[in-house]
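A short write-up of the structure that comes next.
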Amino acid sequence: MYRSISDFMNSVATRNTGEPEFHQAVQEVTESLWEYLKKNPHYLEARILDRLVEPERMVIFRVPWLNDLGEVEINRGYRVEFNSAIGPYKGGLRFHPSVNLSILKFLGFEQVFKNSLTSLPMGGGKGGSDFDPKGKSDNEVMSFCQSFMTELQRHIGPVTDVPAGDIGVGAREIGFLFGQYKRIRNEFTGVLTGKALNWGGSLIRPEATGYGCVYFTEEMLKTKGESFDGKTVAISGSGNVAQFAAEKVIDLGGKPVTLSDSGGFIHDPDGINQEKLAFVMELKNVRRGRIEEYAKKFGCDHHERKRPWLVKCDVALPSATQNEINSEEAKTLISNGCGCVAEGANMPTEPDAVTLLQESNTLFGPGKAANAGGVAVSGLEMSQNAMRIQWSREELDEKLQGIMASIHNQCLRHGSDDGNVDYVRGANIAGFIKVADAMLDQGVV
Ligand code: NDP
């Protein structure tokens with residue numbers, strides 16, 4: 001048995017060399033579980049933590065495809081099937097040039113706890129490729145997706161592993177992937193979530209991560225007797241999560257003032273309203289343009305290659321990618337009076353920045369709790385597919401709000417101390433217990 005956190009982390013680092021993002025995710029979870037594990041040594045004796053950090057299966061494969069010039073291109077595909085103790089592997093596919101095993105293992109590991117928090121029967125997994133859909137034609141994206149699925153289909157299925165979207169994988173890519181699965185397997189099943197509405201998708205799925213993040217944040221604000229009404233909100237990203245987080249902030253009376261992409265961020269002090277957001281959705285989802293165009297269209301500032309956290313705000317919702325708030329940026333947020341940070345993205349806040357935010361009593365909602373709404377509605381999409389029914393928008397939105405409130409309650413139950421809530425500890429312990437107990441029940445497998 002391990003004597004200390006560093007003892008355990010040394011063993012993780014030795015077995016998983018060159019995987020900094022994975023180490024970062026495991027370190028955060030281990031730190032918040034350690035005292036709990038010492039009080040509950042049966043988990044340590046059964047080596048549950050050691051088993052949890054070891055994926056059940058990892059598949060890495062070649063993805064050859066032809067570009068529009070008829071040239072051969074080669075990418076690498078991955079699926080990390082992390083843990084199936086409480087249900088089939090479930091988690092997104094990411095297509096981005098930065099994708100590597102470390103990033104997918106960190107995402108898959110986080111997904112195990114996140115899916116557990118939703119209370120739905122879903123294990124954790126993640127996958128993707130270093131393919132970059134940006135700048136590719138629809139034909140090239142289809143060619144890549146078909147080649148990727150030709151291999152992936154051997155490993156997934158509606159009761160085995162059910163992927164969804166993530167960065168770079170939206171409705172278009174899910175369509176091409178589903179088409180190829182159906183063609184090879186000759187079956188129409190709920191093997192992917194995030195499908196279009198007319199062929200098995202769920203209402204509210206596109207909105208779910210962003211809306212869910214805002215519902216969770218509203219619950220956090222309520223603990224201080226506050227709400228979104230009248231609050232200035234800084235949001236990063238301008239993709240799926242950021243767009244629908246902005247929409248729900250506007251619905252609840254808040255004022256989003258920033259959005260970003262990898263080229264920089266826009267600052268609109270008058271606020272991004274529904275009409276301006278419709279422009280962003282068309283820009284990003286249809287024309288696939290850069291956020292800089294927003295600044296030109298609406299006459300506000302674009303800060304090239306910068307992130308939004310220097311802007312004064314009451315609430316920050318990082319919704320682009322991992323490690324996008326560092327400790328300097330956390331200090332700026334704190335000194336500008338930001339009272340709440342909730343992670344729409346996965347692990348956007350660096351560990352030192354999390355510590356600074358928590359020490360300054362800024363409400364801090366970690367991604368595995370705050371952005372669990374997406375996978376929760378994916379779970380509801382699986383249920384609808386299995387029952388061959390479709391719930392209404394109102395029913396699904398109500399279920400989503402109920403799930404986010406329940407995740408918040410679990411964080412309070414396991415993370416409250418002297419009037420303060422450590423949402424990181426609360427989410428990690430609550431997510432751990434369900435998976436760990438299932439693993440104990442199922443023996444050494
Ligand atoms: P999208 O691909 O729709 O959008 C991603 C956004 O982030 C884009 O604006 C993109 O800009 C920006 N971005 C990506 N990488 C970088 C980078 N390295 N530096 C700066 N900006 C970057 O993805 P999603 O909105 O789906 O995902 C965003 C985050 O939310 C991810 O962390 C994802 O894991 C997480 N998440 C998503 C869920 C979902 O349901 N979609 C569920 C739970 C979590 P550009 O276009 O210039 O690359």
Side-chain angles (χ1 to χ4, degrees), residues 21 25 90-99 103-104 106-108 110-111 113-115 117-118 122 124 126-128 131-136 163-174 192-194 202 204-213 216 235-247 258-266 280-281 283-285 287-294 302-309 317-325 342-349 365-379 381 400 404:
E21 292 86 359
K90 180 89 197 88
L93 296 172
R94 177 176 291 192
F95 292 169
H96 193 272
S98 63
V99 162
I103 288 181
L104 295 179
F106 118 62
L107 289 165
E110 289 281 295
Q111 196 82 44
F113 295 82
K114 182 190 305 191
N115 293 3
L117 283 170
T118 67
M122 298 181 290
K126 200 84 190 185
F131 172 75
D132 187 0
K134 249 184 271 159
K136 304 286 191 305
D166 189 74
I167 291 177
V169 179
R172 173 182 61 170
E173 290 75 16
I174 293 289
L192 291 161
T193 57
S202 173
I204 294 275
R205 176 61 190 92
E207 294 88 339
T209 310
Y211 279 19
C213 177
F216 186 86
I235 301 177
S236 66
S238 49
N240 173 267
V241 180
Q243 291 170 17
F244 288 106
E247 182 164 281
T258 66
L259 287 172
S260 71
D261 63 19
S262 47
F265 78 93
I266 58 102
V280 173
M281 290 183 178
L283 171 72
K284 285 289 171 184
N285 309 345
R287 285 194 286 127
R288 300 184 191 275
R290 313 305 301 156
I291 200 65
E292 191 177 359
E293 280 189 47
Y294 179 104
H302 175 256
H303 300 261
E304 205 174 322
R305 304 245 155 244
K306 295 236 163 63
R307 303 191 285 219
W309 318 124
L317 303 177
S319 304
T321 190
Q322 64 274 1
N323 293 330
E324 52 161 329
I325 300 184
E343 297 185 324
N346 285 311
M347 210 169 74
T349 320
K368 64 171 72 70
N371 70 37
V375 75
V377 176
S378 275
E381 183 172 330
L400 173 62
M404 298 316 293

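Heavy atoms only: backbone and side chains are in, while hydrogens, waters and symmetry mates are out. In listed order, ligands and their atoms are each counted from 1. Starting from 1, each residue takes its place in the sequence as its number.
- Every protein residue with a heavy atom nearer than 4.0 Å to ligand 1 is included here: Arg94, His96, Lys114, Lys134, Asp166, Ile167, Gly168, Arg205, Thr209, Gly237, Ser238, Gly239, Asn240, Val241, Ser260, Asp261, Ser262, Arg290, Ser319, Ala320, Thr321, Gly344, Ala345, Asn346, Asn371.
- Taking 4.5 Å as the limit, some side-chain heavy atom of Met281 sits within range of a side-chain heavy atom of Phe244.
- For the pair Lys136 and Phe95, the cation does not sit on the ring face, since its NZ or CZ is not both under 6.0 Å from the ring centre and inside 45° of the axis.
- At least one side-chain heavy atom of Glu324 sits under 4.5 Å from a side-chain heavy atom of Trp309.
- Considering only heavy atoms from C-beta on, Tyr294 stays 4.5 Å or farther from His302 through its side chain.
- Taking the salt bridge (Lys or Arg N to Asp or Glu O under 4.0 Å) definition, one finds that Arg288 meets it with nothing, sequence neighbours left out.
- Between Glu207 and Val377, every side-chain heavy-atom pair lies at or beyond the 4.5 Å cut-off.
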